[in-house]
Amino acid sequence: MSITYTTVGELKVGSYVVIDNEPCRVVDITKAKTGKHGSAKANVVAVSIFSGAKKTLMAPVDQQVEVPMIDKRVGQVIADMGDKLQLMDMESFETFDIEKPTEEEIASKIKSGVEVEYWLIMGRRKIVRVK
């Protein structure tokens with residue numbers, strides 16, 4: 001599994017974290033001061049990279065959390081098969097099927113022969129932009 005660890009207190013807006021086994025990008029963090037007994041708490045709001053669902057994490061700032069390792073790669077679109085695309089990795093020349101991006105600005109530029117940047121995160125792939 002391609003993950004590393006950090007503490008909740010180290011997270012910043014724009015960083016990545018795993019919440020409920022789902023890699024997410026942090027969009028908001030609020031930290032509560034420590035009470036008389038106990039540690040400072042952080043409320044982390046993040047958006048899933050794959051589904052776009054909003055996730056929240058409430059935890060002490062010194063708690064360990066998983067951070068997904070993002071492997072950024074380049075692939076070429078070989079075939080458009082409706083809701084899926086067939087890509088070929090430009091380094092390994094491996095071919096695989098990947099879900100077509102739902103973001104209109106990316107989806108509108110995708111056609112056979114186009115190079116795209118895709119991220120490999122926790123064994124899942126997502127196209128993030130057209131080169």
Side-chain angles (χ1 to χ4, degrees):
M1 196 81 144
S2 50
I3 51 171
T4 179
Y5 294 91
T6 188
T7 59
V8 174
E10 294 285 311
L11 294 174
K12 293 177 178 58
V13 171
S15 60
Y16 296 91
V17 63
V18 177
I19 302 175
D20 303 333
N21 273 340
E22 188 74 32
C24 302
R25 190 170 60 82
V26 176
V27 291
D28 186 40
I29 294 181
T30 48
K31 290 181 180 146
K33 290 274 181 259
T34 55
K36 198 163 149 190
H37 309 283
S39 58
K41 297 253 191 310
N43 189 20
V44 179
V45 178
V47 174
S48 166
I49 294 171
F50 292 105
S51 68
K54 202 172 184 183
K55 305 255 184 200
T56 55
L57 172 72
M58 185 80 173
V61 290
D62 56 0
Q63 181 177 315
Q64 290 261 309
V65 287
E66 295 178 338
V67 176
M69 301 284 283
I70 298 175
D71 188 359
K72 298 178 180 176
R73 297 183 175 196
V74 177
Q76 184 176 26
V77 178
I78 297 172
D80 185 338
M81 304 173 302
D83 58 346
K84 289 203 181 289
L85 297 168
Q86 191 171 35
L87 278 193
M88 178 179 72
D89 187 284
M90 297 306 279
E91 273 179 44
S92 67
F93 301 111
E94 164 199 11
T95 58
F96 54 87
D97 293 349
I98 189 168
E99 272 185 40
K100 194 181 265 187
T102 50
E103 300 88 347
E104 188 51 48
E105 63 194 62
I106 301 172
S108 63
K109 295 179 192 161
I110 289 180
K111 54 186 178 291
S112 208
V114 164
E115 283 191 9
V116 294
E117 179 181 319
Y118 73 94
W119 290 0
L120 184 58
I121 309 166
M122 295 169 65
R124 293 163 71 189
R125 297 178 173 110
K126 178 180 172 75
I127 294 175
V128 288
R129 67 189 179 94
V130 175
K131 285 199 149 312

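Predicted model only: the values in this text are computed from it and were never measured.
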Enter the distance from I3:CD1 to I121:CD1 here, rounded to the nearest 0.5 Å. 13.0 Å
4.5 Å side-chain heavy-atom contact, I70 and K72: yes
Is it possible for you to say whether V114 and I106 belong to one hydrophobic cluster, with membership spreading through side-chain heavy-atom contacts below 4.5 Å? yes
Please examine the side chains of D80 and K111, heavy atoms only from C-beta on, and report whether any two atoms are closer than 4.5 Å. no
Take atom CE of M69 as the centre, draw a 6.0 Å sphere, and report whether it contains more than 12 heavy atoms from other residues, nucleotides or ligands. no
Nearest heavy-atom approach of C24 to K55 is SG-CG, 3.9 Å
Does the side chain of V65 come within less than 4.5 Å of V18's, by heavy atoms? no
Using 0.5 Å steps for rounding, measure from the NZ atom of K126 to the CD1 atom of I49. 8.5 Å
d(S112 OG, L85 CG) to nearest 0.5 Å is 9.5 Å
Could you check whether any side-chain heavy atom of R73 comes within less than 4.5 Å of a side-chain heavy atom of L120, counting everything from C-beta outward? yes
Check side chain to side chain contact (heavy atoms under 4.5 Å, CB included) between S92 and all other residues, then give those that pass, not counting sequence neighbours. D89, E94
Single-linkage hydrophobic cluster Y16~Y5, side-chain heavy atoms < 4.5 angstrom: yes
Residue of the set D71, D97, I98 for which side-chain contact (heavy atoms from CB on, under 4.5 Å) holds with R125: I98
K100 side chain vs G82 backbone, donor-acceptor pair below 3.5 Å: yes
Apply side chain to side chain contact (heavy atoms under 4.5 Å, CB included) to V13 and list each qualifying residue two or more places apart in sequence or on a separate chain. none
Side-chain touch L87/I127, heavy atoms, less than 4.5 angstrom: yes
Interatomic distance, NZ@K41 vs CG@N43, rounded to 0.5 Å, equals 11.5 Å
Is a side-chain donor or acceptor of T7 paired with a backbone partner of Q64 at a separation under 3.5 angstrom? no
Heavy-atom side-chain proximity of V26 to K12 below 4.5 angstrom: no
Using a 4.5 Å cut-off on heavy atoms from C-beta on, say whether the side chain of I29 contacts that of K31. yes
With sequence neighbours excluded, tell me which residues meet side chain to side chain contact (heavy atoms under 4.5 Å, CB included) with V27. R25, V45, V47
Okay, side chain of S108, backbone of E104: is any donor-acceptor separation there less than 3.5 Å? yes
Could you please spell out the steps behind the salt bridge (Lys or Arg N to Asp or Glu O under 4.0 Å) verdict for E22 and R124? CA-CA 10 Å; E22 188 74 32; R124 293 163 71 189; 3.5 Å; yes
Same apolar cluster: M122 and F50, side chain cutoff 4.5 Å: yes
Verify the neighbour count for atom CD of E115: are there more than 12 heavy atoms of other residues, nucleotides or ligands below 6.0 Å? yes
From F96 CZ over to K84 NZ, what is the distance, rounded to the nearest 0.5 angstrom? 11.5 Å
Linked, directly or transitively: V116 and W119 (ILVMFWY side chains, under 4.5 Å): no
Can you measure from CD (E66) to CD1 (I19) and round to the nearest 0.5 angstrom? 11.0 Å
